[in-house]
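Please read all numbers here as calculations on a predicted model, not as lab measurements.
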Number of protein chains: 2
Amino acid sequence: MTRHIALNKDSIHCANCMLGRICMPQKMNLTDIEHLTELIKERIRVAKGEYVFHIGNTSGAIYSIRTGAIKTQVENNCGHTQITGFFLPGEVFGLDSFTAQQHTSDAIALEDSEVCVMYTKDLNIVAQQIPSLQAQFRHLLSGEIIRSHQLLLSLGSLRSDQRVAWFILDMSARFTQLGYSSNEFILRMSREDIGNYLGLTLETVSRLFSRFQKEGLIHIQQRAIRILDHEALQSLIKYK
Amino acid sequence: MTRHIALNKDSIHCANCMLGRICMPQKMNLTDIEHLTELIKERIRVAKGEYVFHIGNTSGAIYSIRTGAIKTQVENNCGHTQITGFFLPGEVFGLDSFTAQQHTSDAIALEDSEVCVMYTKDLNIVAQQIPSLQAQFRHLLSGEIIRSHQLLLSLGSLRSDQRVAWFILDMSARFTQLGYSSNEFILRMSREDIGNYLGLTLETVSRLFSRFQKEGLIHIQQRAIRILDHEALQSLIKYK
DNA sequence: CGGGCGGTTGACCCAGATCAATCAAAGTGG
DNA sequence: CCACTTTGATTGATCTGGGTCAACCGCCCG
């Protein structure tokens, strides 16, 4: 089950969170960050495979990741799910419920994770005092729109090998931003999750990882990936 | 070219716009709507095929449709475009630039259209005075996220015939909301646009319209569509 | 009335799905 | 610590939905 962590006394505040300015980076001074800390009254531990929230939940909150990794997915009426995003430490998810109504997606932990909770009602109050926070949330929201448009573009226009290359490069860029090596990291999700996300089967993903390895573009051992030829992956996506 | 319409004296205000409460429906009283009118200082006419905005435009505005129809599309580095949405009168588009940075999509008129322009800088000011407007914009933004998640779900999980059925029903629902007949309307876009949007070729779309007609689900003559068996279309999407 | 664009229909083909067997890693319990 | 199970990944063989290419139609507009 998800474990709630009380945040009253000596628990870590935003001001000295290890993620630094990754979570809310935009022009925010230290006093503003103090306000942000006030916003996060709750942090939860979620075990691998557990839900952070379900479709229909009316908790009225958005979430940022402190440690771990999360996937979000939507569901259709015949039970099929589609993964709409993978989220890494410092990234914010659950924005589909920002309207303070209810979540239209599930959020599931890909590994044991620690997640900060921000309630939209608190958020409305604090944001009114801090204009930069207001702007930051709009930025997050349009960022989410742009992200899903990018995914749509990939699903609609790329071949299977291009999609997988795109996925690898996207992950690489995001791990880099987190301060990890840009060409050596551990994938947090299964082949099945990757396939679902990219509109492919797990077999196709596996075959393409193998092919890329044979061609010397990457080295892959289970979920540990090392990018050997960043350029080649990049150019693979370039032309149809 | 796009023609700008001065909105100083006797031009129509939001308060007596024919769309009524469709454009900004949420709990907004008449005084609030007066404020909304102040927000819309500009309205533009766009001829069929013309752009409302291009990728990279920094106009810092969002748009709502008074008459006509608009498509938005994103582009990848090899020139392929992916349509991310079709918009009808009363609907708001261009939200990807709400961050006041720049548009990451193109908006193109599917027919001669009239479009209201709301600048985000004005919007920030007015929204601070009207909390309900603040909420309304957040609602629009998360609505946009939900919409693109729905599209992702369709692209990722539905067969070609299910996608086309889904498209027809979605259009039907939206025309209904506009006060038109729910089972007889004119599609505003070409087969190619529909195909692009749904991740199919125009031939596949055409074939499926024909098949649905043969099966008695719809009647289609060019872009004029009449839904004959709403139930059957609905149930087509239900199971894999 | 002729030209062109958008739409339809047919024939063929291939990328990627499906089905199936095998393998490897990571638990799990005795 | 080692057998046993489970889960995830790889690889091969085969099949098919929808793409591609091409011909044709018909509506609309000048």
Testing the 3.5 Å rule here: is there a donor-acceptor pair between the side chains of [X] and [Y]?
X	Y	result
A:Gln73	A:Tyr197	no
A:Ser172	A:Ser182	no
B:Asn183	B:Ser181	yes
A:Thr84	A:Thr72	yes

Just N and O in the side chain of [X]: are any of them under 4.0 Å from OP1 or OP2 of [N]?
X	N	answer
A:Arg163	C:dG16	no
A:Gln221	D:dA9	no
A:Ser160	C:dA15	no

Residue pair B:Thr104, B:Asp96: steps toward the side-chain hydrogen bond (donor to acceptor under 3.5 Å, both in side chains) verdict: CA-CA 7 Å; B:Thr104 55; B:Asp96 58 334; 2.8 Å; yes
For the pair made of [atom1] in [X] and [atom2] in [N], what is the distance, rounded to whole Å?
X	N	atom1	atom2	answer
A:Ile225	D:dT10	CD1	P	11 Å
A:Leu198	C:dA17	CG	P	11 Å
A:Asp112	C:dG27	CG	P	11 Å
B:Arg211	C:dG10	CZ	P	15 Å
A:Leu187	D:dT10	CG	C1'	16 Å
B:Ile220	D:dG26	CD1	P	16 Å
A:Asp193	D:dT7	CG	P	15 Å
A:Leu200	C:dT18	CG	P	11 Å

Nearest listed nucleotide, side chain of A:Arg223, among D:dA9, D:dG18, C:dT8: D:dA9
Selection from C:dG16, D:dG18, D:dA9 that lies nearest to any side-chain heavy atom of B:Arg159: D:dG18
Of A:Asp161 and A:Gln222, the one whose closest DNA chain C nucleotide lies more 5': A:Asp161
Please list, for nucleotides 3-5 of chain C, all pairs of protein and nucleotide N/O atoms separated by less than 3.5 Å.
none

Mutual orientation of the aromatic rings belonging to B:Tyr63 and B:His103 [parallel < 30°, tilted 30-60°, perpendicular > 60°]: tilted
Parallel, tilted or perpendicular, as decided by the 30° and 60° cut-offs, for the rings of B:Phe93 and B:Phe87: tilted
A:His230 and A:Leu233, any side-chain heavy atoms less than 4.5 Å apart: no
Sugar-phosphate, base or nothing in reach of A:Gly199, heavy atoms under 4.0 Å: sugar-phosphate
Among B:Ile220, B:Thr204, B:Leu217, side chain to side chain contact (heavy atoms under 4.5 Å, CB included) partner for B:Phe209: B:Ile220
Side chain to side chain contact (heavy atoms under 4.5 Å, CB included) partner of A:Ser160, chosen from A:Leu200, A:Leu198, A:Thr201: A:Leu200
Residue-level proximity of residues 201-210 of chain B to DNA chain D when a heavy atom falls under 4.0 Å: B:Thr201, B:Glu203, B:Thr204, B:Arg207
